[in-house]
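Structure first, commentary second.
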Protein chains: 2
Amino acid sequence: MATIRDVAKLAGVSVATISRYLNKTGYVNIDTELKIKKAIETLNYEPSSVARGLAGKQTKTIALILPDISNPFFPELARAVEDVASTYGYTVIFCNSDDQGAKERTYIELLKKKYIDGIIFASNTLNKHDAEQINVNGIPIVCLDRAPDNHICSVVRSKNREGARLAVEHLLESGCRKIAHIYGPRDLITAQERMKGYEDAVKSLPWYSPSLMVPGNFRIDGGMQATETLLHGHPDIDGIFAGNDLMAIGTLKALHRMQIRVPDQVKVCGFDGIQMAEIMEPELTTVAQPIYEMGAIVSRLLIKKIEGSLDTNEIYELDVTLVPRKSTQKEAQL
Amino acid sequence: MATIRDVAKLAGVSVATISRYLNKTGYVNIDTELKIKKAIETLNYEPSSVARGLAGKQTKTIALILPDISNPFFPELARAVEDVASTYGYTVIFCNSDDQGAKERTYIELLKKKYIDGIIFASNTLNKHDAEQINVNGIPIVCLDRAPDNHICSVVRSKNREGARLAVEHLLESGCRKIAHIYGPRDLITAQERMKGYEDAVKSLPWYSPSLMVPGNFRIDGGMQATETLLHGHPDIDGIFAGNDLMAIGTLKALHRMQIRVPDQVKVCGFDGIQMAEIMEPELTTVAQPIYEMGAIVSRLLIKKIEGSLDTNEIYELDVTLVPRKSTQKEAQL
DNA sequence: CGTATATGTGGTACCGGTTACACATTCAAT
DNA sequence: ATTGAATGTGTAACCGGTACCACATATACG
């Protein structure tokens with residue numbers, strides 16, 4: 001690999017000039033420019049990002065910390081992040097935290113040593129202390145869903161509470177008269193918000209009872225178990241709003257095993273809008289988050305922050321859309 | 001951030017000694033060691049990976065180039081790669097190539113500039129020329145599925161041909177008498193091998209006809225279209241072996257729309273063993289590849305290559321397993 | 001014409017590590 | 001006593017860039 005000094009020698013100028021030419025900082029005579037161009041060409045020179053990273057500030061690398069890439073919600077997000085990052089010339093390192101604070105901190109240490117330019121947090125355990133820790137090091141961060149604390153970093157999230165209300169209202173309109181909710185892990189803001197949305201929509205209704213809310217774990221198996229519990233306690237349930245699609249899929253599976261027909265006997269609605277929802281049989285109605293868009297926005301935000309054209313921390317709340325499908329279809333009106 | 005010189009000053013020794021201590025290269029007196037330890041402790045010193053990268057050789061970073069992380073096959077693979085990489089202290093950069101040679105080459109250029117330690121190719125367009133190009137730069141590479149050329153890099157793949165035979169035999173055992181095949185993109189080795197496996201198993205059977213093989217694109221929509229074409233031409237088909245799970249899912253969907261019952265009228269088998277297969281209704285029988293294991297092996301291989309404890313290029317062919325599920329179930333024997 | 005400003009270029013000290021080499025000292029073996 | 005290996009440490013060049021500063025020349029303005 002040729003170095004900048006090789007190029008300088010061949011072009012008959014100093015390294016400073018080459019650097020100026022490369023970064024378009026300072027003056028370079030048009031003739032000199034041509035000579036440099038030719039030298040670079042013939043030497044097949046490519047500036048080393050590592051040297052640049054050491055000398056200057058930026059490594060043109062960002063990190064994406066998420067709980068688990070094999071959770072179907074994240075691949076699309078990751079794709080979006082990588083897409084916009086690469087169009088801006090950034091490279092992305094990805095880390096699976098499994099939502100464990102310890103792992104996150106380990107990664108953060110590692111990333112600091114690597115002079116990473118910024119971090120996207122799609123993980124949920126980042127707390128105020130950690131965020132401040134990173135901020136101290138001057139590394140810009142942007143969060144998904146969760147704000148460690150007000151204004152410590154920008155946050156992108158979608159309207160979880162409103163979405164949950166939408167889901168319940170849709171179930172009501174579809175003819176449900178007793179709707180249960182399977183909620184996700186208590187420590188996840190998204191799960192909390194969706195639960196609140198559910199409560200908003202049902203608490204004034206005569207049939208409402210707190211026992212209609214049971215915990216899941218945001219995974220398929222959790223949805224299955226919760227559904228069994230639910231139908232055991234309330235055999236007359238005719239609508240289930242699951243806190244995310246994975247649990248809704250579990251619900252569908254459990255109902256199928258119990259030989260309960262969807263949507264005839266029980267209607268089901270999920271939340272997230274992952275691809276899987278569409279391939280279920282019956283197809284799963286869901287409140288879709290704009291996953292790709294979230295990833296794209298969060299990346300653009302981070303890059304803006306890195307490049308200094310943004311120094312305020314804002315909260316972006318994205319709209320969700322109810323996607324009605326088979327699993328909540330009213331009986332045909334004959 | 002403290003630097004090595006700060007530590008040296010505080011500990012009252014030279015930077016060389018600190019470096020020796022850090023890398024456990026060369027002698028360091030036990031007393032000196034203690035002083036250094038203390039200095040590092042009080043300064044909260046962390047060596048800069050970037051400086052190390054520039055001075056020494058390794059950046060402790062590997063790249064994973066795959067077609068598209070949102071293709072359900074890859075998240076699990078990516079997870080495995082990241083898991084083992086991180087246990088060895090490596091960090092992973094991921095790149096979506098969309099199977100476009102141009103994108104791949106752009107990434108490779110970028111990665112070279114970053115002094116990446118090695119590359120895992122799970123993408124399919126890497127050709128001999130590209131691979132040599134990388135080899136010239138001395139960057140170790142390991143491939144999934146595809147060997148650009150014999151012995152230019154190690155390859156991890158699973159027994160596609162044998163797996164396809166397994167699938168067809170299973171369909172035959174389940175009572176099928178006319179089995180079609182939906183194959184994937186012609187330029188993918190995996191698709192070719194699976195097609196060959198299908199042919200191996202059926203070519204000597206009386207009903208066999210080349211028109212039983214139709215192209216899909218390894219995606220859901222491709223599977224749906226292919227299924228429609230297939231049943232149009234051969235209404236008496238009672239078994240379909242799709243080249244991958246995504247297409248098999250499409251098949252299931254198409255059959256459902258055509259009101260053809262699975263497995264009663266037509267049995268379906270996929271290939272890959274992605275999580276989605278299990279959540280289908282009916283659950284999809286498939287030939288499962290050990291996806292996580294493939295990712296783990298390929299990463300370990302790469303790391304060994306990087307660290308010099310491996311210099312031969314080998315081919316690892318992993319066993320596949322037929323996972324019988326509802327979509328190929330025989331009618332109950334009453 | 002003197003002076004300010006724009007244009008163009010080079011020297012070189014960094015950035016924060018690694019490592020080759022030189023130089024001591026200790027200790028066991030001859 | 002001599003020698004050579006093992007132990008221990010420091011100096012400084014290098015990795016490949018960036019950027020500050022000095023310095024020249026050309027052009028414009030009052």
Side-chain angles (χ1 to χ4, degrees), chain A residues 1-37 39-40 43-61 89 109-117 137-138, chain B residues 1-37 39-40 43-61 89 109-117 137-138:
Chain A
M1 278 287 239
T3 76
I4 197 172
R5 287 169 230 268
D6 298 332
V7 178
K9 194 170 293 177
L10 184 60
V13 296
S14 74
V15 292
T17 306
I18 309 288
S19 179
R20 247 176 278 134
Y21 163 78
L22 288 171
N23 304 294
K24 312 208 170 316
T25 151
Y27 303 105
V28 176
N29 185 289
I30 181 77
D31 296 334
T32 316
E33 196 172 322
L34 288 174
K35 279 189 290 178
I36 296 179
K37 252 185 196 144
I40 289 181
L43 289 177
N44 215 308
Y45 167 74
E46 295 274 3
S48 150
S49 309
V50 178
R52 277 190 166 159
L54 181 58
K57 16 235 68 172
Q58 313 222 330
T59 52
K60 286 280 188 175
T61 308
E109 279 314 305
L110 202 77
L111 297 171
K112 267 166 40 181
K113 289 199 238 175
K114 295 215 171 202
Y115 294 7
I116 227 75
D117 292 335
N137 278 272
Chain B
M1 280 288 243
T3 76
I4 198 173
R5 286 170 231 268
D6 299 331
V7 179
K9 193 170 292 174
L10 184 61
V13 295
S14 76
V15 294
T17 306
I18 309 289
S19 180
R20 262 186 312 252
Y21 163 76
L22 289 171
N23 303 294
K24 315 212 168 314
T25 152
Y27 303 106
V28 175
N29 186 288
I30 180 77
D31 297 332
T32 317
E33 195 172 323
L34 288 174
K35 280 190 289 180
I36 295 178
K37 252 185 196 144
I40 289 181
L43 289 176
N44 214 309
Y45 167 74
E46 295 275 3
S48 150
S49 309
V50 178
R52 277 192 165 158
L54 181 58
K57 17 233 70 170
Q58 313 222 331
T59 52
K60 287 279 184 178
T61 308
E109 279 313 306
L110 203 76
L111 297 170
K112 267 166 39 181
K113 288 200 237 176
K114 295 215 173 205
Y115 294 5
I116 228 72
D117 292 335
N137 278 272

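Proteins come first, then strands; the chains are lettered A, B, ... in the order of their sequence lines, and each starts at number 1. Here the structure is a predicted model, which is why all the values come from computation and not from measurement.
Residues satisfying the side chain to side chain contact (heavy atoms under 4.5 Å, CB included) criterion with B/A8, sequence neighbours excluded, are B/V15, B/I18. In this structure A/K35 satisfies the salt bridge (charged side-chain N to carboxylate O under 4.0 Å, His left out) test with no other residue, sequence neighbours excluded. Taking B/K9 as the reference, nothing meets the side chain to side chain contact (heavy atoms under 4.5 Å, CB included) condition, with sequence neighbours excluded.
As rounded to whole Å, 15 Å separates atom P of C/dT19 from atom NZ of B/K24. Nucleotide C/dT18 holds its P atom 13 Å from the OH atom of B/Y21, rounded to whole Å. Taking atom OH of residue A/Y27 and atom P of nucleotide C/dT5, one finds them 12 Å apart after rounding to whole Å.
For residues 28-37 of chain B, proximity to DNA chain D is found at B/V28, B/N29, B/T32, defined as any non-hydrogen atom under 4.0 angstrom from a strand atom. For residues 3-18 of chain A, proximity to DNA chain D is found at A/T3, A/I4, A/R5, A/A16, defined as any non-hydrogen atom under 4.0 angstrom from a strand atom.
Between A/N23 and B/R20, the one whose closest nucleotide on DNA chain D sits nearer the 5' end is B/R20.
The footprint of chain B on DNA chain D, defined by a heavy-atom cutoff below 4.0 Å, extends from D/dA6 to D/dG16.
Among the atoms of the strands shown, none is found under 4.0 Å from any heavy atom of B/Q58.
Atom NZ of A/K60 is separated from atom NZ of B/K114 by 9.0 Å, given to the nearest 0.5 angstrom.
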